[in-house]
Amino acid sequence: MMTVRTRFAPSPTGYLHIGGVRTALFCWLFARKHGGQFILRIDDTDQQRNVDEAISPILHGLRWLGIDWDEGPEIGGIYAPYYQSQRSDKYQAAVNKLLELKFAYRDYARTEEIQAERDAAINEKKTFTYSRKWMAESESDIKRFESEGRQCVIRLKMPRTGELIINDLIRGNVTFNWADEQDHVIQRADGSFIYHLANVVDDEDFKISHVIRAEEHLSNTPRQIFIIQSLGYNLPSYAHLPFVAEPGSKTKLSKRKLDKYLKNKDFAKLVEHGKSIANRIGLSVTDDNFNPVIVDFYEKVGYLPEAIVNYIALVGWALDDKTEFFSMKDLIENFSLEGVTKGAASFDPQKLFAFEEKHFLKLSTDEKIKLCKPFLEAAKIFPCEFSDILEKIIETAGDRIKVAGDILLFSDFFADDNSFEYEESAYNKRIADQPESINLLKEFYDLLSQQEQFDHQLLEILMQKFIDAKSIKIGDIIHALRISVTGKSSGLGMFETLEILGKSRVLKRIKRIL
RNA sequence: GCCCCCUUCGUCUAGUGGCCCAGGACAUUGGAUUCUCAGUCCAGUAACAGGGGUUCGAUUCCCCUAGGGGGUACCA
């Protein structure tokens, strides 16, 4: 049986797009499922200056998500190099062969001449077919055109009759008429190569068995198959994935449209939540580096890579009518191209967050500590003299911590007892405007100071006795107590909070407002 | 303009001619629980784009229309 080999071919853009992740993930899952290899290739035919700098966030993001590659940048492989910019000789050889076999030709048309033909076709509502007036297949033609000062590009000499049926693993048979296809350029006048040519040559060289890529390439496939057939290459299997679309739309998700997405309240909520964490750790936040369309957003805020993977796998793929929670291992076991859907699927920030909650909840306390600690350190809260209560906080917080960065919600536990701040409106409402609450607090303070064991159950009993004796409701005192002890109107259970802080800190804190 | 693809609840989807007056999840609504928050538990609202066929029977097959998306570059 043929070895399954898939590839993901990012351009060095400097960021890892969530849609790109989905494509990479499906390629990777398919390879892993079939015991094959996953190859990473860098599409840098554009010759950018800092390719390394521009691919490093991409490589980092993939690794963070657990998507590893068997051949590619940083690790090499038997078919190296894996950078298109370093493979020009292969492309040149392919172009020469195409020329020799007359499947490609030198074309000396000027841009405006081609454009005029194209415009004419549009006017007549017909498919544009190049007249090949400036095609040069003989030395004399070449001389003649060059004497006119023309420059040449290399174009494919596409068939003009018959049809091509592509058997796509997701879409089934897709039929194209060769006559509708253009004589596409494969080598520019400056000698550089066009993506389609490079792509096909690389896939052949790397022995790619399955081309799994986004839908936008489906229309490009005929010209690629023409090159493959002309050169006698092996035809890979194709699978064209639907787009990851904008929230509430079917348009491809784009990094550049953050402004627009922010008008979606769920999307805005995701960003706000992330920003509040970023602010606490002193991360500078701009639309360019803090964008949920880009994967590092999630890493910065403390999302779990397995949650992102779980969610993104379900954008355009489903196993059955009920299974939704998948570990990476489950995904490898169960993934199949048959389960991939055809329609574009929009990105739903709320559902992503729901997966994050679920996955985070499954973590052990030790794992949570390991993930949360760096956020406390980044916020300069850690290390501190109260560091030992972290474990208890995390256990008590339970599902209140949804992403690792949420630990910062409980930073008041680590604050200095004499100088932590009060939420102004809460303080006014529960204390300043409630003079009676001070008296109650005073009395409760006395009870607390006599309490030996600061255990939350005992403390609750103490409170119960207190309100019974005073004939008041718990609500009459507990809010004021919470503000005085934490400075906030909401938080963990009141008695757990007291237990975690411990007697002396609690007394110190209450004393401040008496 | 031309070519290609797509179309089930708000969203992700299950569904391959009768099991579906359409199932699950997220969201949402109501109720319960509660010291706040976060939850949890119960209950509910909500969809086969439209029109023609084929068939005893269409969400499922065919055709048309509409809508959406992509390609049509010396972009990838």
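Computation of the quantities below employed the complete heavy-atom set of this structure, encompassing side-chain atoms and omitting hydrogens, waters and symmetry-equivalent molecules. Convention: sequence-line order gives letters A, B, ...; per-chain numbering from 1.
Aromatic pair A:Phe353/A:His273: ring centres closer than 6.0 Å. Outside the 6.0 Å centre-distance limit, the rings of A:His184 and A:Phe226 are not counted as a close aromatic pair. Separation of the A:Tyr82 and A:Phe206 ring centroids falls under the 6.0 Å cut-off. In this structure, the ring of A:Trp317 has its center no less than 6.0 angstrom from the ring center of A:Phe26.
Here B:rC41 sits opposite B:rG31 as a Watson-Crick or G-U wobble pair (both hydrogen-bonding atom distances under 3.5 Å). Shown here, B:rU16 forms no base pair; nothing in the strands shown gives a Watson-Crick or G-U wobble contact with both key distances under 3.5 Å. Nucleotide B:rA22: unpaired (no Watson-Crick or G-U wobble partner with both distances less than 3.5 Å). The pairing partner recorded for B:rA58 is none, the criterion being a Watson-Crick or G-U wobble arrangement whose two distances lie under 3.5 angstrom. Searching all strands for a Watson-Crick or G-U wobble partner of B:rU7 with both distances below 3.5 Å returns B:rA66.
In this structure, the nucleotide among B:rG68, B:rA38, B:rC74 sitting nearest to the side chain of A:Lys402 is B:rA38. Set against B:rU13, B:rC74, B:rC5, the side chain of A:Ala345 has B:rU13 as its closest nucleotide. Of the candidate nucleotides B:rU11, B:rG1, B:rC35, B:rC35 has the atom nearest to the side chain of A:Met494. Closest to the side chain of A:Gln350, out of B:rC26, B:rG39, B:rU13, is B:rC26. When each of B:rC74, B:rC5, B:rC26 is scored by its nearest atom to the side-chain atoms of A:Glu215, the top-ranked nucleotide is B:rC5. Of the candidate nucleotides B:rU72, B:rA14, B:rU36, B:rA14 has the atom nearest to the side chain of A:Asp321. Picking from B:rC2, B:rA76, B:rC12 the nucleotide with the shortest atom distance to the side chain of A:Thr127 gives B:rC2. Distance from the side chain of A:His217 is smallest to B:rA76 among B:rC12, B:rC4, B:rA76.
The separation between A:Gln182 atom CD and B:rC74 atom C1' is 14 Å, rounded to whole Å. What separates NZ of A:Lys263 from P of B:rG10 is a distance of 23 Å, to the nearest Å. Rounding to whole angstrom units, CD1 of residue A:Ile312 and P of B:rC26 are separated by 18 Å. Note: CD (A:Gln224) to P (B:rG71) measures 13 Å, nearest angstrom. Rounded to whole Å, the distance from CD1 on A:Ile42 to C1' on B:rA76 is 13 Å. The distance between atom CD1 of A:Ile170 and atom P of B:rG69, rounded to the nearest whole Å, is 21 Å. Across the protein-nucleic acid pair, A:Leu440 atom CG and B:rC35 atom C1' stand 14 Å apart, rounded to whole Å. With rounding to whole Å, A:Lys358 atom NZ is found 14 Å from B:rG39 atom P.
Within the nucleic acid shown, A:Thr323 has no heavy atom closer than 4.0 Å to any nucleic acid atom. At a threshold of 4.0 angstrom between heavy atoms, the contacts of A:His196 include nucleobase atoms, whether or not backbone atoms are also involved. Among the protein residues, A:Phe353 comes within range of no part of the nucleic acid, since none of its heavy atoms lies under 4.0 Å from any strand. Here A:Asn220 lies in heavy-atom contact (under 4.0 Å) with a base. As judged by a 4.0 angstrom heavy-atom cut-off over every strand, A:Thr341 is placed among residues touching the sugar-phosphate backbone only. A:Asp399 comes within 4.0 angstrom of a nucleotide base, judged by non-hydrogen atoms across all strands. Contact annotation for A:Leu352: no contact, since no heavy-atom pair falls under 4.0 Å across all strands. Within 4.0 Å (heavy atoms only), A:Val153 reaches at least one base atom of the nucleic acid. Across all strands shown, A:Phe176 has heavy atoms under 4.0 Å from sugar-phosphate atoms exclusively, and none from any base. Using a 4.0 Å heavy-atom criterion, one finds that A:Ala189 contacts the bases of the nucleic acid, with or without backbone contacts as well. Heavy atoms of A:Gly398 sit nowhere under 4.0 angstrom from any nucleic acid atom. Within 4.0 Å of A:Arg430, counting heavy atoms only, lies no atom of the nucleic acid at all. Nucleic acid contact for A:Glu324: base, since at least one base atom lies under 4.0 Å from a heavy atom of the residue. Here A:Glu357 lies in heavy-atom contact (under 4.0 Å) with sugar-phosphate atoms only.
For B:rC35, its base sits under 3.5 Å from the side chain of A:Arg482 at one donor and acceptor pair at least. At a cut-off of 3.5 angstrom, counting only N and O atoms as typed in the model, there is a donor on one side and an acceptor on the other between the side-chain of A:Ser219 and the base of B:rG70.
For the pair A:Arg509 and A:Phe420, the distance from NZ or CZ to the six-membered ring centre is under 6.0 Å and the angle to the ring normal is within 45 degrees. By the 6.0 Å and 45° rule, A:Lys255 stacks over the aromatic ring of A:Tyr15.
The separation of B:rU60 from B:rG44, taken at their P atoms, amounts to 29 Å, rounded to a whole angstrom. Remark: the separation of the P atoms in B:rU36 and B:rG50 is 47 Å, to the nearest Å. Taking the P atoms as reference points, B:rC5 lies 25 Å from B:rA76, given to the whole Å. The P atoms of B:rG69 and B:rC74 are separated by 25 Å, rounded to the nearest whole Å. Taking atom C1' in both B:rA38 and B:rG15, the straight-line distance is 36 Å, to the nearest Å. A gap of 11 Å separates the C1' atoms of B:rU16 and B:rU59, to the nearest Å.
Heavy atoms of other residues, nucleotides or ligands lying less than 6.0 angstrom from CD of A:Gln151 number 12 at most.
Across the interface with RNA chain B, nearest-nucleotide mapping of A:Gly475 and A:Gly343 shows A:Gly343 to be the residue nearer the 5′ end. Nearest-nucleotide assignment on RNA chain B puts the 5′-proximal partner with A:Gly491, out of A:Gly491 and A:Lys252.
Listed pair A:Arg118 / B:rA73 meets the phosphate criterion, a side-chain N or O lying under 4.0 Å from OP1 or OP2. At the phosphate of B:rG69, OP1 or OP2 sits under 4.0 Å from a side-chain N or O atom of A:Thr251. The side chain of A:Thr45 places an N or O atom within less than 4.0 Å of a non-bridging phosphate oxygen (OP1 or OP2) of B:rA76.
Applying side-chain contact (heavy atoms from CB on, under 4.5 Å) to A:Leu492 and the options A:Thr486, A:Leu498, A:Leu409, A:Thr396 leaves one that passes, A:Thr396.
With no hydrogens or angles considered, a side-chain donor-acceptor pair links A:Tyr130 and A:Asp107 at under 3.5 Å.
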